[in-house]
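Read through the structure below, which is laid out as C-alpha coordinates, and then see the notes.
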Amino acid sequence: MSPFVNRRGWLQAGLASAGALVLGACDRITNSKQGVAVLQSAEGLTRRAQRLILDRKALAREFAPADISTDFKPNGSIDPTDADYLALKAKGFADYRLVVDGLVERPLSLSLADLRAAPSRTQITRHDCVEGWSSIGKWTGARLGPLLDRAGLKPNARYIVFHCADTLGEATDGSGKYYESIDLIDAYHPQTILAYAMNDQALPVPHGAPLRLRVERQLGYKQAKYIMRIEAVADYSHLNGGAGGFWEDRGYEWYAGI
Ligand SMILES: Nc1nc2c(c(=O)[nH]1)N[C@H]1C(S)=C(S)[C@@H](COP(=O)(O)O)O[C@H]1N2
Ligand SMILES: [Mo]
(Lines give C-alpha, C1' and ligand atoms only; values in the text may rest on other atoms or scores of the structure.)
(Ligands and ions follow the chains in the order given, each with its own letter.)
Protein backbone atom coordinates (compact mmCIF):
# COMPACT_ATOMS: atom_id res chain seq x y z
CA MET A 1 0.00 0.00 0.00
CA SER A 2 1.34 3.44 -0.83
CA PRO A 3 2.16 5.85 2.00
CA PHE A 4 -0.37 8.23 0.49
CA VAL A 5 -3.09 5.62 1.00
CA ASN A 6 -1.66 4.95 4.47
CA ARG A 7 -1.89 8.61 5.32
CA ARG A 8 -5.39 8.86 3.93
CA GLY A 9 -6.29 5.78 5.96
CA TRP A 10 -4.81 7.50 8.97
CA LEU A 11 -6.84 10.63 8.24
CA GLN A 12 -10.02 8.57 7.89
CA ALA A 13 -9.21 6.65 11.08
CA GLY A 14 -8.71 9.99 12.85
CA LEU A 15 -12.03 11.31 11.59
CA ALA A 16 -13.76 8.05 12.50
CA SER A 17 -12.46 8.08 16.05
CA ALA A 18 -13.40 11.77 16.44
CA GLY A 19 -16.84 10.67 15.23
CA ALA A 20 -16.89 7.83 17.77
CA LEU A 21 -16.22 10.27 20.60
CA VAL A 22 -19.09 12.43 19.41
CA LEU A 23 -21.37 9.42 18.98
CA GLY A 24 -20.61 8.29 22.53
CA ALA A 25 -22.23 11.45 23.76
CA CYS A 26 -24.84 11.27 21.00
CA ASP A 27 -27.99 11.47 23.08
CA ARG A 28 -26.91 14.49 25.06
CA ILE A 29 -25.53 16.27 21.98
CA THR A 30 -28.54 15.83 19.71
CA ASN A 31 -30.75 17.03 22.54
CA SER A 32 -29.06 20.40 22.57
CA LYS A 33 -29.21 23.00 19.79
CA GLN A 34 -25.53 23.73 20.24
CA GLY A 35 -24.68 20.04 19.91
CA VAL A 36 -26.45 19.76 16.56
CA ALA A 37 -24.57 22.84 15.30
CA VAL A 38 -21.26 21.19 16.35
CA LEU A 39 -22.15 18.03 14.43
CA GLN A 40 -23.15 20.02 11.36
CA SER A 41 -19.99 22.10 11.31
CA ALA A 42 -17.87 18.93 11.70
CA GLU A 43 -19.67 17.44 8.71
CA GLY A 44 -19.04 20.61 6.71
CA LEU A 45 -15.35 20.41 7.60
CA THR A 46 -15.12 16.78 6.52
CA ARG A 47 -16.86 17.55 3.25
CA ARG A 48 -14.52 20.45 2.52
CA ALA A 49 -11.47 18.30 3.35
CA GLN A 50 -12.80 15.59 1.05
CA ARG A 51 -13.40 18.08 -1.76
CA LEU A 52 -9.86 19.42 -1.35
CA ILE A 53 -8.38 15.92 -1.62
CA LEU A 54 -10.55 15.07 -4.66
CA ASP A 55 -9.41 18.29 -6.34
CA ARG A 56 -5.75 17.50 -5.67
CA LYS A 57 -6.27 14.09 -7.32
CA ALA A 58 -7.99 15.39 -10.47
CA LEU A 59 -6.18 14.82 -13.77
CA ALA A 60 -4.67 17.64 -15.81
CA ARG A 61 -6.19 18.01 -19.27
CA GLU A 62 -4.66 15.81 -21.94
CA PHE A 63 -4.51 16.73 -25.62
CA ALA A 64 -4.53 15.01 -29.01
CA PRO A 65 -1.39 14.24 -31.08
CA ALA A 66 -2.41 17.00 -33.52
CA ASP A 67 -2.11 19.55 -30.69
CA ILE A 68 1.60 18.87 -30.02
CA SER A 69 3.69 22.06 -30.40
CA THR A 70 6.33 21.86 -33.08
CA ASP A 71 8.23 24.70 -31.40
CA PHE A 72 8.20 23.71 -27.69
CA LYS A 73 10.43 26.35 -26.13
CA PRO A 74 13.36 25.12 -24.00
CA ASN A 75 13.77 27.41 -21.00
CA GLY A 76 16.09 28.12 -18.07
CA SER A 77 19.13 25.85 -18.31
CA ILE A 78 19.25 24.41 -21.80
CA ASP A 79 22.82 23.07 -22.01
CA PRO A 80 24.38 22.53 -18.56
CA THR A 81 28.15 23.01 -18.33
CA ASP A 82 28.61 21.37 -14.90
CA ALA A 83 31.56 18.93 -15.11
CA ASP A 84 29.68 15.85 -13.83
CA TYR A 85 26.91 16.43 -16.33
CA LEU A 86 29.31 16.92 -19.25
CA ALA A 87 31.02 13.62 -18.39
CA LEU A 88 27.69 11.77 -18.44
CA LYS A 89 26.58 13.48 -21.65
CA ALA A 90 29.86 12.60 -23.40
CA LYS A 91 28.99 8.91 -22.98
CA GLY A 92 25.40 9.31 -24.11
CA PHE A 93 24.25 8.95 -20.47
CA ALA A 94 25.30 5.26 -20.43
CA ASP A 95 26.74 5.74 -16.90
CA TYR A 96 23.77 7.75 -15.64
CA ARG A 97 22.21 6.57 -12.38
CA LEU A 98 19.21 8.07 -10.67
CA VAL A 99 19.75 7.91 -6.91
CA VAL A 100 16.64 7.62 -4.71
CA ASP A 101 17.50 8.12 -1.05
CA GLY A 102 16.72 10.08 2.11
CA LEU A 103 13.81 8.78 4.19
CA VAL A 104 13.47 5.46 2.36
CA GLU A 105 13.84 1.85 3.51
CA ARG A 106 15.76 0.74 0.38
CA PRO A 107 17.86 3.41 -1.40
CA LEU A 108 17.88 2.88 -5.17
CA SER A 109 20.39 3.52 -7.92
CA LEU A 110 18.62 3.17 -11.28
CA SER A 111 20.04 3.12 -14.81
CA LEU A 112 18.03 4.47 -17.74
CA ALA A 113 17.27 0.85 -18.67
CA ASP A 114 15.87 0.27 -15.17
CA LEU A 115 13.73 3.39 -15.52
CA ARG A 116 12.46 2.37 -18.96
CA ALA A 117 11.49 -1.04 -17.55
CA ALA A 118 9.51 0.53 -14.66
CA PRO A 119 5.71 1.14 -14.76
CA SER A 120 5.25 4.01 -17.21
CA ARG A 121 2.77 6.51 -18.55
CA THR A 122 2.52 8.58 -21.73
CA GLN A 123 0.61 11.87 -21.75
CA ILE A 124 0.14 14.88 -24.00
CA THR A 125 -0.11 17.94 -21.77
CA ARG A 126 0.32 21.69 -21.78
CA HIS A 127 3.32 23.26 -20.08
CA ASP A 128 2.67 26.74 -18.68
CA CYS A 129 5.66 28.92 -17.79
CA VAL A 130 5.20 31.91 -15.47
CA GLU A 131 6.87 33.99 -18.16
CA GLY A 132 3.55 33.75 -20.01
CA TRP A 133 4.09 31.12 -22.70
CA SER A 134 2.65 27.62 -23.07
CA SER A 135 3.58 24.64 -25.22
CA ILE A 136 2.04 21.19 -25.66
CA GLY A 137 4.28 18.12 -25.55
CA LYS A 138 4.03 14.36 -25.35
CA TRP A 139 5.89 12.84 -22.43
CA THR A 140 6.72 9.24 -21.58
CA GLY A 141 8.26 8.30 -18.27
CA ALA A 142 8.35 6.14 -15.19
CA ARG A 143 5.53 6.83 -12.76
CA LEU A 144 6.99 8.33 -9.62
CA GLY A 145 4.57 6.62 -7.19
CA PRO A 146 5.57 3.01 -7.94
CA LEU A 147 9.28 3.98 -7.80
CA LEU A 148 8.78 5.49 -4.35
CA ASP A 149 6.96 2.31 -3.29
CA ARG A 150 9.94 0.29 -4.53
CA ALA A 151 12.23 2.37 -2.32
CA GLY A 152 9.70 2.25 0.53
CA LEU A 153 9.06 5.67 2.06
CA LYS A 154 9.60 5.89 5.80
CA PRO A 155 6.54 7.11 7.76
CA ASN A 156 8.07 10.53 8.40
CA ALA A 157 8.64 11.30 4.69
CA ARG A 158 6.47 14.26 3.60
CA TYR A 159 8.15 15.76 0.53
CA ILE A 160 10.13 14.57 -2.47
CA VAL A 161 13.11 16.72 -3.45
CA PHE A 162 14.59 16.67 -6.96
CA HIS A 163 18.30 17.49 -7.11
CA CYS A 164 19.37 18.59 -10.60
CA ALA A 165 22.72 18.62 -12.40
CA ASP A 166 22.68 22.23 -13.56
CA THR A 167 23.85 25.42 -11.90
CA LEU A 168 21.42 28.08 -13.02
CA GLY A 169 22.19 31.04 -10.83
CA GLU A 170 24.50 32.73 -8.42
CA ALA A 171 25.30 30.72 -5.31
CA THR A 172 23.15 33.00 -3.14
CA ASP A 173 21.54 29.96 -1.54
CA GLY A 174 24.68 27.91 -0.95
CA SER A 175 24.79 26.13 -4.29
CA GLY A 176 23.06 27.74 -7.26
CA LYS A 177 22.09 24.24 -8.38
CA TYR A 178 18.52 23.83 -9.57
CA TYR A 179 16.27 21.86 -7.25
CA GLU A 180 12.58 21.42 -6.63
CA SER A 181 10.21 19.73 -4.20
CA ILE A 182 6.64 18.40 -4.22
CA ASP A 183 4.41 16.84 -1.58
CA LEU A 184 3.27 13.21 -1.52
CA ILE A 185 -0.16 13.94 -3.02
CA ASP A 186 1.53 15.25 -6.16
CA ALA A 187 4.25 12.58 -6.02
CA TYR A 188 1.58 9.84 -6.14
CA HIS A 189 -0.62 11.62 -8.71
CA PRO A 190 -1.02 9.27 -11.72
CA GLN A 191 0.31 11.90 -14.17
CA THR A 192 3.49 12.53 -12.16
CA ILE A 193 6.28 10.90 -14.15
CA LEU A 194 10.04 10.93 -14.55
CA ALA A 195 10.11 11.53 -18.29
CA TYR A 196 12.86 10.00 -20.41
CA ALA A 197 11.10 10.64 -23.74
CA MET A 198 9.53 13.69 -25.37
CA ASN A 199 7.41 13.43 -28.52
CA ASP A 200 8.48 9.76 -28.93
CA GLN A 201 12.23 10.58 -28.95
CA ALA A 202 14.81 10.23 -26.18
CA LEU A 203 14.51 13.39 -24.04
CA PRO A 204 16.76 16.02 -25.69
CA VAL A 205 19.39 17.93 -23.67
CA PRO A 206 17.61 21.33 -23.88
CA HIS A 207 14.50 19.76 -22.30
CA GLY A 208 16.34 17.99 -19.46
CA ALA A 209 18.12 14.84 -20.68
CA PRO A 210 18.26 12.20 -19.53
CA LEU A 211 15.43 12.59 -16.99
CA ARG A 212 12.99 15.33 -16.04
CA LEU A 213 9.92 15.64 -13.89
CA ARG A 214 6.42 16.12 -15.28
CA VAL A 215 4.02 17.16 -12.53
CA GLU A 216 1.14 18.24 -14.71
CA ARG A 217 -0.97 20.37 -12.37
CA GLN A 218 1.93 22.71 -11.63
CA LEU A 219 3.68 25.61 -13.35
CA GLY A 220 6.78 25.25 -15.51
CA TYR A 221 9.39 25.87 -12.85
CA LYS A 222 8.24 22.80 -10.86
CA GLN A 223 9.14 20.58 -13.88
CA ALA A 224 12.72 19.84 -12.76
CA LYS A 225 15.09 18.90 -15.61
CA TYR A 226 18.46 17.06 -15.44
CA ILE A 227 17.39 15.08 -12.33
CA MET A 228 20.28 13.29 -10.63
CA ARG A 229 18.88 12.45 -7.24
CA ILE A 230 15.50 12.13 -5.59
CA GLU A 231 15.47 12.58 -1.84
CA ALA A 232 12.56 11.88 0.51
CA VAL A 233 12.51 14.40 3.36
CA ALA A 234 10.34 15.31 6.34
CA ASP A 235 10.79 18.99 5.59
CA TYR A 236 12.84 21.08 3.13
CA SER A 237 13.71 24.15 5.19
CA HIS A 238 17.33 22.98 5.69
CA LEU A 239 17.96 22.89 1.91
CA ASN A 240 19.60 25.86 0.18
CA GLY A 241 17.44 28.96 0.71
CA GLY A 242 14.83 26.96 2.64
CA ALA A 243 11.83 27.65 0.39
CA GLY A 244 11.81 24.28 -1.41
CA GLY A 245 13.14 25.16 -4.85
CA PHE A 246 15.52 27.28 -6.88
CA TRP A 247 12.87 29.81 -7.88
CA GLU A 248 11.02 29.52 -4.58
CA ASP A 249 14.24 30.65 -2.87
CA ARG A 250 13.99 33.71 -5.12
CA GLY A 251 10.39 34.52 -4.18
CA TYR A 252 8.20 32.27 -6.35
CA GLU A 253 5.30 30.39 -4.81
CA TRP A 254 6.06 26.83 -3.60
CA TYR A 255 2.83 25.06 -4.59
CA ALA A 256 2.49 26.75 -8.03
CA GLY A 257 -0.75 24.99 -8.97
CA ILE A 258 -2.52 25.72 -12.26
N1 LIG B 1 17.09 21.73 -13.83
C2 LIG B 1 16.30 22.70 -14.28
N3 LIG B 1 14.97 22.47 -14.37
C4 LIG B 1 14.15 23.43 -14.83
C5 LIG B 1 14.63 24.72 -15.19
C6 LIG B 1 16.04 24.94 -15.09
O7 LIG B 1 16.57 26.02 -15.40
N8 LIG B 1 16.84 23.90 -14.63
N9 LIG B 1 13.75 25.69 -15.62
C10 LIG B 1 12.33 25.52 -15.28
C11 LIG B 1 11.42 26.40 -16.01
S12 LIG B 1 11.20 27.98 -15.46
C13 LIG B 1 10.65 25.94 -17.04
S14 LIG B 1 9.47 26.90 -17.80
C15 LIG B 1 10.83 24.57 -17.55
C16 LIG B 1 11.20 24.60 -19.01
O17 LIG B 1 11.17 23.31 -19.53
P18 LIG B 1 11.57 23.13 -21.04
O19 LIG B 1 12.99 23.56 -21.18
O20 LIG B 1 11.34 21.73 -21.40
O21 LIG B 1 10.66 24.07 -21.81
O22 LIG B 1 11.83 23.84 -16.87
C23 LIG B 1 11.90 24.09 -15.50
N24 LIG B 1 12.84 23.16 -14.93
MO1 LIG C 1 9.28 28.74 -16.42
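In what follows, residues are counted from 1 in the order of the sequence shown. Remember, it's 1-based here, ligands and their atoms both numbered in the order they're listed. The figures here come from the full heavy-atom set of this structure, side chains too, leaving out hydrogens, waters and symmetry mates.
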Hydrophobic cluster partners of Trp139 (side-chain heavy atoms under 4.5 Å):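 Listed partners: Phe72, Trp133, Ile193, Met198, Leu203.
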So, does Lys138 use its side chain to make a donor-acceptor pair with the main chain of Phe63 at under 3.5 Å?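 No: the side chain of Lys138 does not pair with the backbone of Phe63.
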Any donor-acceptor N/O pair, Ser77 side chain to Pro80 backbone, under 3.5 Å: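 No; judged by distance alone, with no hydrogens or angles, the pair does not exist.
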I'd like the contact residues of ligand 1, where contact means a heavy atom below 4.0 Å.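 Residues within 4.0 Å of ligand 1: Phe72, Lys73, Pro74, Asn75, Gly76, Ser77, His127, Cys129, Trp133, Cys164, Asp166, Leu168, Tyr178, Pro206, His207, Arg212, Gly220, Tyr221, Gln223, Ala224, Lys225, Tyr226.
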How close do Met228 and Leu88 get, counting heavy atoms only, and between which atoms?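 Heavy atoms only, the tightest pair is CE-CD1, 3.4 Å.
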Please identify which of these residues, Glu180, Glu253, Glu216, meets the side chain to side chain donor-acceptor pair (under 3.5 Å) condition with Lys222.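 It is Glu180, the one option of Glu180, Glu253, Glu216 that forms the side chain to side chain donor-acceptor pair (under 3.5 Å) with Lys222.
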Tell me whether the rings of Tyr221 and Tyr252 are parallel (<30°), tilted (30 to 60°) or perpendicular (>60°).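 If you compare the ring of Tyr221 with that of Tyr252, the planes turn out perpendicular.
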